[in-house]
Each structure stands twice: as C-alpha cells, then as structure tokens.
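Start at 1 and go down the list; that is how both ligands and their atoms are numbered. Numbers here are sequence positions counted from 1.
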Amino acid sequence: MLQIHAVPAFQDNYIWMLDNGRDAVAVDPGDAAPVEAFLRLRNLRLAAVLATHHHADHVGGLPALARRWTCPTYGPAREVAADLDLRLSEGERFTVPGLGIELGTLDIPGHTAGHIALHGEGLLFCGDTLFACGCGRLFEGTPAQMVDSLAKLARLPAETRVFCGHEYTLANIRFAEAVEPGNARLAERRVRDAAKRKRSEPTLPSTIGEELATNPFLRCGEPEVIASAERHAGRPLSGPVEVFAEIRAWKNSF
Ligand SMILES: [Zn+2]
C-alpha cells in the first residue's frame, strides 16, 4: 500500500516521501536532514530520489542522500543538476525502484528551462510549475512556454492528485479572489484550506479538477479573468498568453 507524506523543509517547501512500509522514494529533497529523520522514524530504506528541476531548494539534499543510500537519482534531462543517474524528458516512462510504480515524464518549461513533471498512478509531481491555486515564477521561461506547460498538466485526468513544491496556497487563494471575485469555488476553497493550515496540515495535494475550477493561471480564457487582467493592464489583451502574462506580473507585486 503506497503512502505519501509531506516532509516540510526550509520555510515552506515540501519534500514528498512515497513509501510502501519498507522502501521509500524522496521527491525534490532540498535538504537531506528531514528525509533522514523521516526514514529513521519509520525504519524505511531510501530506494531512489526524484527531482523536478535544478533549484537548490529541490535538489540540495540529493547528493548526500544518493551517497548514503547508494540509490539511483532521476531528474530533468535538460538541466545541470548534480549527481543525476537518469535524465528524463518528455514521454519517458520508468519504474520507480523499490515501489514498482510506473511514472511518465512531461517537459514543462517556464519556471526553469528544463523543468519536468512526473505523473502516473493518479499522481502528479510538478515541482514549482503548477501550485495549488497558483503557478511558479518565470525565472527561465516565457509566458507562452508556461501556458503550454500548464495546459499539459491541465489535460491530466481531473482526479489526478497534485503534489507541488511549496505551501503557498492561502496567499495564492487571496490573489485568485482578487482576479476572480465571482468564483464561489474560491471562497469554499479558502475556508477549507485555512482550516487545514490552522491544524498545521498541508493544503496539498489538491486535484487537477480543483485547479481547473479555481486556479486563475489555468483559467485565462474565462471572461472574469480576462476582464480583471485587462483592467489591471489598462488595455485590451489578445488571447490567453497575454492574459497569463498580465496576471503573472500582477501576482509578482500583489
Ligand atoms: Zn524552483
């Protein structure tokens, strides 16, 4: 029986730990120490490390974990990340060591140039590209790339559970409500997720279906999102890429 736990790291990162009671796999371990503590507490053996992109808060712990457990490491083909054994790109599938589940790869550039997502078994690990009710900043990519990348994730089955890299959800919902004040699903989501944070629980995972209903960055074709973006821009915008670029820039200074 596969279990998935959020291991907090740094200020607001989550390292996702998958385990079957004996073997475990770490996704985006920015720091080795909390992973080691988790493994020790549950008497688990680390069988592999998976990484979505090269940022230090996602791969900083990878070299130490790979050394200590002599386990294979998987990550993006197009990014220079230390100590990767297997470099994945669009369409590649692999069986996760120790757990036996099969995951596929999507190239999702935008936050970084070579960012990948891993998906399968109803799970999506999307690093800093799709957040709960938000999306990552464009450090190395263009709005058009990010719109394409988010569209790939949005096409996954609605019940797919979304595991992203940070606990940003409540701030993202506040912004989403500014963009789309008429979206009743947002108010429901705020109440539910605020209650989780009050209990010190992660708001994650969410689902693709919930993101489609509430995440403004997946809703750049909705009339209210377009109208808010145009009001903020002070000019008419043509098409989802311009709408996306405007609300991404708006969010940066929100
Ligand atoms: Zn990042």
Review point. Are His55 and His111 an aromatic pair by the rule of ring centers under 6.0 Å?
Key: yes
Review point. Are the aromatic ring centres of His58 and His166 under 6.0 angstrom apart?
Key: yes
Check your understanding: Ion pair present between Glu90 and Lys152, side-chain N to carboxylate O less than 4.0 angstrom?
Key -> yes
Check your understanding: Can Arg137 and Asp128 be counted as an ion pair, charged N to O under 4.0 angstrom?
Key -> no
Review point. In His55, the N, O or S atom nearest to the Zn ion (ligand 1) is which?
Key: ND1
Point to revise | Asp128: its N/O/S atom lying closest to the Zn ion (ligand 1) (atom name) | key: OD2
**Study point:** Vertex the Zn ion (ligand 1), rays to NE2 in His53 and NE2 in His111 - rounded to 10°
**Key:** 100°
